[in-house]
Q: 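First the structure, then my questions, so here it is.
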Amino acid sequence: MARVLVLATTTGYQTRSFGEAAARLGVELVFATDRCHLIDDPWQDGAVAIRFYDEDASVAAIVDSTRTRPIDGILTVGDRPTVIAARVARALGLPGNPPDAAAAAKHKRLTRERLRAAGLLQPRASSVQPRAFPVVVKPVALSGSRGVMRANDQRDLDAAIERLRALLQSPDIRAERNEAHDEILVEEFIPGHEYALDGVLHRGELHVFALFDKPDPLDGPFFEETIYVTTDDHRDAIVGAVRDAAHALGLHHGPIHAEVRVNDTGVYVLEVAARPIGGLCARAIRFFRTANPESRIPLEELLLRHARGEDVREWRRESDASGVMMIPIPRRGI
């Protein structure tokens with residue numbers, strides 16, 4: 001029986017989906033989750049207790065656990081443990097991403113620097129006063145558009161920075177003990193239509209799972225995502241830009257989730273995360289093998305197949321359009 005390590009938080013919709021997919025495949029899952037090591041298996045999942053903020057200890061704990069439960073592959077759910085996953089893969093001689101590439105992919109300023117150095121279209125960015133407005137203020141290490149705000153003038157900019165600094169000082173973020181949360185990025189606002197690409201790198205070669213359109217305008221002041229709908233608009237240009245960006249970052253093997261903006265200038269790759277699309281959004285896409293078009297599998301099963309060593313390039317997304325809507329949050333409350 002193949003055994004796959006899944007690095008994840010202790011909560012999350014997708015971990016359950018991975019468990020269901022593993023049962024169908026006959027794969028044993030080994031979880032490594034961000035939890036207190038002094039509590040005796042509170043979730044009864046036999047997980048390796050790690051702390052995302054302590055990479056050295058986390059890597060050591062996972063590698064030590066493989067002495068009794070060797071693993072055949074690694075999957076990461078969410079952005080925070082991607083560097084740990086890369087370091088474990090390197091320590092165990094498993095396919096994965098270089099640790100420095102994983103670190104650059106989850107840090108917005110480092111991403112900008114690498115993509116700009118590769119000659120790819122990028123917004124002008126700095127940690128100081130912008131040259132012109134409008135601009136976007138953002139943290140360098142939060143995901144899901146959290147803390148991202150548009151500023152149309154100096155007054156907006158001052159208010160956005162104050163609001164973001166307060167967010168970065170909140171207890172839940174300080175608990176991550178991430179020095180990147182001390183940094184704020186101010187960059188040029190890129191107009192245009194926004195898309196997301198989900199796929200997998202197989203030893204450096206990009207295989208696209210799905211391209212999503214985001215039909216609601218995402219022009220600020222905040223950037224809440226609501227609707228994802230599969231599309232083929234600008235597919236070749238977007239795929240080419242994301243492939244170039246992944247290579248510029250140094251990503252090599254494993255799932256990726258990219259966000260891009262497209263306008264008359266071309267394709268701006270905003271980020272390439274070294275992990276799959278998260279939460280329940282993954283349920284929007286299913287896959288079939290060319291030789292057996294009647295059988296459909298979810299994304300989690302496809303990712304497990306890839307993690308255990310299968311070349312999944314013969315799998316294709318079903319041809320029907322598919323989408324998901326996330327509930328917008330207009331104000332504070334329950």
Side-chain angles (χ1 to χ4, degrees), residues 7 73-76 78-90 93-125 140-141 143 180 185 187-188 190 192 194-212 232-263 265-278 299 302-303 305-307 309-317:
L7 288 97
I74 301 174
L75 265 175
T76 307
D79 292 295
R80 290 178 61 200
T82 52
V83 177
I84 295 172
R87 291 181 58 183
V88 170
R90 171 168 289 183
L94 295 171
N97 293 310
D100 70 311
K106 74 172 189 174
H107 190 292
K108 293 179 176 63
R109 177 176 54 77
L110 297 179
T111 290
R112 292 283 173 270
E113 291 172 357
R114 290 203 179 193
L115 300 193
R116 190 176 295 109
L120 303 182
L121 285 175
Q122 287 289 282
R124 292 187 297 272
V140 299
S143 59
L185 193 63
E187 63 184 25
E188 170 191 17
I190 301 298
E194 191 160 317
Y195 299 87
L197 182 147
D198 220 66
V200 69
L201 290 165
H202 184 79
R203 302 187 184 279
E205 182 178 338
L206 175 61
H207 174 58
V208 177
F209 290 156
L211 178 63
F212 293 99
D232 285 320
D233 292 352
H234 308 290
R235 184 181 181 89
D236 291 344
I238 292 173
V239 171
V242 170
R243 180 187 295 114
D244 291 344
H247 291 164
L249 288 168
L251 299 175
H252 180 70
H253 192 86
I256 64 166
H257 180 77
E259 306 279 349
V260 309
R261 285 224 166 189
V262 181
N263 58 31
T265 305
V267 179
Y268 288 78
V269 179
L270 303 181
E271 66 176 56
V272 182
R275 46 86 179 165
I277 191 171
L299 175 64
L302 195 61
L303 293 173
R305 287 175 178 270
H306 186 256
E310 182 178 328
D311 185 346
V312 299
R313 287 174 289 182
E314 65 176 289
W315 291 87
R316 297 286 182 270
R317 193 190 71 80

Q: Would you say that Tyr268 contacts Asn263 through its side chain, given a criterion of any heavy-atom pair below 4.5 Å between the two side chains?
A: yes
Q: Using 0.5 Å steps for rounding, measure from the CD atom of Glu113 to the NZ atom of Lys108.
A: 14.0 Å
Q: Nearest heavy-atom pair of Ala86 and Ala102: which atoms, and what distance?
A: CB-CB, 4.1 Å
Q: Between Leu270 and Val260, is there a side-chain heavy-atom distance shorter than 4.5 Å?
A: no
Q: Give, for atom CD1 of Ile74 and atom CD1 of Ile84, the distance between the pair rounded to the nearest 0.5 Å.
A: 11.0 Å
Q: Answer yes or no: is there a donor N or O on one side and an acceptor on the other, between the side chain of His234 and the main chain of Gly266, under 3.5 Å?
A: no
Q: Quick one: are Arg317 and Phe209 in side-chain contact, heavy atoms under 4.5 Å?
A: no
Q: Do we see a donor-acceptor contact under 3.5 Å between the side chains of Asn97 and His252?
A: no
Q: What's the shortest heavy-atom distance between Leu249 and Ala104, and which atoms?
A: CD2-CB, 4.1 Å
Q: Could you go step by step and tell me if His207 and Arg316 meet the side chain to side chain contact (heavy atoms under 4.5 Å, CB included) rule?
A: CA-CA 10 Å; His207 174 58; Arg316 297 286 182 270; 3.1 Å; yes
Q: With heavy-atom distances below 4.5 Å as the criterion, would you say the side chains of Trp315 and Arg305 are in contact?
A: yes
Q: Kindly indicate whether the side chain of Val269, heavy atoms from C-beta on, has any atom under 4.5 Å from the side chain of Thr111.
A: no
Q: Out of the candidates Lys106, His107, Arg275, only one should pair with Asp79 under the side-chain hydrogen bond (donor to acceptor under 3.5 Å, both in side chains) rule; please name it.
A: Arg275
Q: Verify salt bridge (Lys or Arg N to Asp or Glu O under 4.0 Å) between Arg114 and Asp100, making sure each step is shown before the conclusion.
A: CA-CA 11 Å; Arg114 290 203 179 193; Asp100 70 311; 3.0 Å; yes
Q: What's the separation between atom CD in Glu310 and atom CG in Leu302, rounded to the nearest 0.5 Å?
A: 7.5 Å
Q: With the side chain counted from C-beta on, respond yes when Pro123 and Arg261 share a heavy-atom pair under 4.5 Å apart, and no when they do not.
A: no
Q: Which heavy atom in Leu211 sits nearest to a heavy atom in Arg235, and how many Å separate them?
A: CD2-CA, 3.9 Å
Q: For Val242 and Ile256, which heavy atoms make the closest approach, and how far apart are they?
A: CG1-CD1, 3.9 Å
Q: Taking the six-membered ring for Trp, are His306 and His253 parallel (under 30°), tilted (30 to 60°) or perpendicular (over 60°)?
A: parallel
Q: Which heavy atom of Thr82 sits nearest a heavy atom of Ala274, and at what distance?
A: CG2-O, 3.4 Å
Q: Measuring from atom CG of Asp244 to atom CG of Leu115, what distance do you get when rounded to the nearest 0.5 angstrom?
A: 10.0 Å
Q: Mind running side chain to side chain contact (heavy atoms under 4.5 Å, CB included) on Val267 and Leu121 for me, showing each step along the way?
A: CA-CA 7 Å; Val267 179; Leu121 285 175; 5.7 Å; no
Q: Locate the shortest heavy-atom distance separating Pro276 from Asp198; write the atom from each residue and the value.
A: C-OD1, 4.0 Å
Q: Stepwise, does the side chain to side chain contact (heavy atoms under 4.5 Å, CB included) test hold for His257 with Leu197?
A: CA-CA 6 Å; His257 180 77; Leu197 182 147; over 6 Å; no
Q: Evaluate salt bridge (Lys or Arg N to Asp or Glu O under 4.0 Å) for Arg112 paired with Glu187, printing each intermediate quantity in order.
A: CA-CA 10 Å; Arg112 292 283 173 270; Glu187 63 184 25; 2.9 Å; yes
